[in-house]
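Structure, as structure tokens:
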Amino acid sequence: MRALCWESADELAVRQVPDPELRNAHDMIVRVRRSVTCGADLPLLAGRVPFLTAGDVLGHEFLGEVVEVGPEVRRHRVADRVVVCAAISCGRCWFCRQGLFACCDNGGTGAAATESAWGQPTAGCYGHPAPLGGFAGSHAEYVRVPYADVGAFPVPEPVSDDRAVFASDAAPTGWMGAELGEVGPGDVVAVWGAGAVGQLTAGAARLRGADRVIVIDRYDDRLRMAERHAGAEPLNYRYVDIPAELRERSGGRGPDVCVEAVGMASEPPGFFTGRLGAERPLALREAVHACRKGGTVVVLGTWTGFVDTFPLGAVMNKGLTLRSARQHGQRWIPMLLDRMARDELRTEHLATHRLPLERGPDGYALFRERTDGCVRAVFCP
Ligand SMILES: NC(=O)c1ccc[n+]([C@@H]2O[C@H](COP(=O)([O-])OP(=O)(O)OC[C@H]3O[C@@H](n4cnc5c(N)ncnc54)[C@H](O)[C@@H]3O)[C@@H](O)[C@H]2O)c1
Ligand SMILES: [Zn+2]
Ligand SMILES: [Zn+2]
């Protein structure tokens, strides 16, 4: 089959790779109809994450059609249209039973690396290197889906592919951001990053009844989208003093909940010197600084190693609650698909560029450079 592979830093290629096969009784094979780019791919693309090797297939957010099921798969049949959670989790371990799917003990098969980096193993993820399992990604014609009954969900008839594919990662991540922040009526919520994750966090905060939702970025087209589709107030950090403006819009106190949806791509560039341990959390620092005393800071952005110059003093002295997670999507995907079917949650506008898989390298160039208003490139193999 054809697949979009990482070759070396900033170099991608569409290549012929072996077709996936069922390996375990709980696996199934999905023919990909939509697979999208994600901010989490950018550090991989740039060769900033160890363990990536030439020929690894990228992509972790996807939707497709079931073509083969293992003997233990109960919930899916050939020809079903399914969206698959980016996180690979067993559904049976202690963590999965608590709903902490991204903390699964069994989904990631690179336990040695995650245990040494983070102290414990975590769930797997498609299109990521060995520490997260080394599972082949979804920018391909077919994908093997392990623990299919746990990670794949049937898409209700009225929901389009371009809408449902966001239930794979960006929508549950956004929902989780609002939930970890315990956002409710009366809250002022500020979100750093107007990519798909930031925009869907803003939308989730609105759905949970937040009073004001403010989104911060440097790209006006993304900010306008957050305003139009999530009812958010846009703030461009190139032109305004963000902490001062946020105080002004929150009765002088600062936002109740501050969500960082930027991660290692925090600008301005020069943030990463090639070793884990030099990640500079610019947006996160601003979020901690701006948050009201006793408020909550939620980290949705991806971080892999140690982070320098983290303002722990502000967290401690202001009595902040700091929360974070990789998304536990299996917990929210059915609810999000229902909301999509009822038209309460619309995501298709985020699919700004639709390209054939063969044009994968162009799609990533658009996405990485944020050119032509690109929020997410969607590949249709
Ligand atoms: N927690 C999870 O499970 C999970 C899931 C999906 C994505 N993520 C992470 O969420 C983050 C966002 O993902 P995305 O797909 O929306 O990414 P994206 O790259 O499309 O968007 C990131 C946005 O942040 C903006 N930004 C950069 N520096 C900023 C700053 N200092 N202040 C304000 N905004 C700034 C950029 O201009 C960009 O628009 C990434 O780190 C991604 O890895 C986490
Ligand atoms: Zn993603
Ligand atoms: Zn598990």
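What you see below is based on every heavy atom in this structure, not just the backbone, and it leaves out hydrogens, waters and symmetry mates. Indexing begins at 1, ligand by ligand and atom by atom, following the structure's order.
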Geometric N/O contact [X] with ligand 1, under 3.5 angstrom:
X	result
Glu61	no
Ala261	no
Gln327	yes
Ala196	yes
Gly198	no
Ala40	yes
Arg222	yes
Cys38	no
Arg218	no

Name the one of Glu61, His349, His353 that satisfies side-chain hydrogen bond (donor to acceptor under 3.5 Å, both in side chains) with Arg376?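 Only one option passes, and that is Glu61.
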
Test side-chain contact (heavy atoms from CB on, under 4.5 Å) applied to Val82 and Val30, Val155, Val145, the passing residue: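 For Val82, the side-chain contact (heavy atoms from CB on, under 4.5 Å) check succeeds only for Val30.
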
Is it the side chain, the backbone, both or neither of Ala325 that has a heavy atom closer than 4.0 Å to ligand 1?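 The backbone, only.
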
Heavy-atom distances under 4.0 Å decide this one: backbone, side chain, both or neither, for Val197 against ligand 1? both

Angle subtended at the Zn ion (ligand 2) by Asp169 OD2 and Glu61 OE2, rounded to 10 degrees: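 Vertex the Zn ion (ligand 2), arms to OD2 of Asp169 and OE2 of Glu61: 100°.
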
How open is the angle at the Zn ion (ligand 2) from atom SG of Cys38 over to atom NE2 of His60, rounded to 10 degrees?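 Computed angle, vertex at the Zn ion (ligand 2), rounded to 10 degrees: 110°.
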
Which ligand 1 atoms, with their elements, are less than 4.0 angstrom from a heavy-atom of [X]?
X	value
Leu42	19 (O)
Gly263	41 (O)
Asp169	5 (C), 6 (C)
Tyr219	37 (O)
Gly301	9 (C), 10 (O), 11 (C), 41 (O)
Ile216	33 (C), 34 (N)
Thr173	1 (N), 2 (C), 3 (O), 4 (C), 5 (C), 6 (C)
Trp192	32 (N), 33 (C)

At the Zn ion (ligand 3), SG of Cys93 and SG of Cys90 open up to roughly (10° bins) 110°

Does NZ or CZ of Arg370 lie under 6.0 Å from the centre of the six-membered ring of Phe367, at an angle within 45° of the ring axis? yes

Given [options], identify the one with the heavy atom nearest to [atom].
atom	options	value
atom 32 (N) of ligand 1	Tyr237, Trp303, Phe367	Tyr237
atom 26 (N) of ligand 1	Thr304, Asp221, Val262	Val262
atom 42 (C) of ligand 1	Thr302, Asp217, Thr37, Leu350	Thr302

Report the relative orientation of the aromatic rings in Phe62 and Tyr126; use parallel for angles under 30°, tilted for 30 to 60°, perpendicular for over 60°. perpendicular

Over 60° means perpendicular and under 30° means parallel, so classify the ring planes of Phe379 and His139, tilted if in between.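 Perpendicular: the ring planes of His139 and Phe379 meet at over 60°.
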
Can you tell me if [X] and [Y] form a side-chain donor-acceptor pair at under 3.5 Å?
X	Y	result
Ser89	Gln330	yes
Arg285	Thr309	yes
Arg292	Ser250	no

Is the closest basic N to carboxylate O distance between [X] and [Y] below 4.0 Å?
X	Y	answer
Glu65	Arg31	yes
Asp149	Arg74	no
Asp343	Arg163	yes
Glu348	Arg354	no
Asp161	Arg81	yes
Asp217	Arg222	no
Asp187	Arg208	no

Glu141 side chain to Arg2 main-chain N or O, any donor-acceptor pair under 3.5 Å? yes

Asp256 side chain vs Val188 backbone, donor-acceptor pair below 3.5 Å: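 Yes.
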
Let me check your reading of the structure: within less than 2.8 Å of the Zn ion (ligand 2), is there an N/O/S atom from Asp41? no

Check for me whether [X] has a heavy atom closer than 4.0 Å to any atom of ligand 1.
X	value
Arg370	yes
Pro172	no
Gln199	no

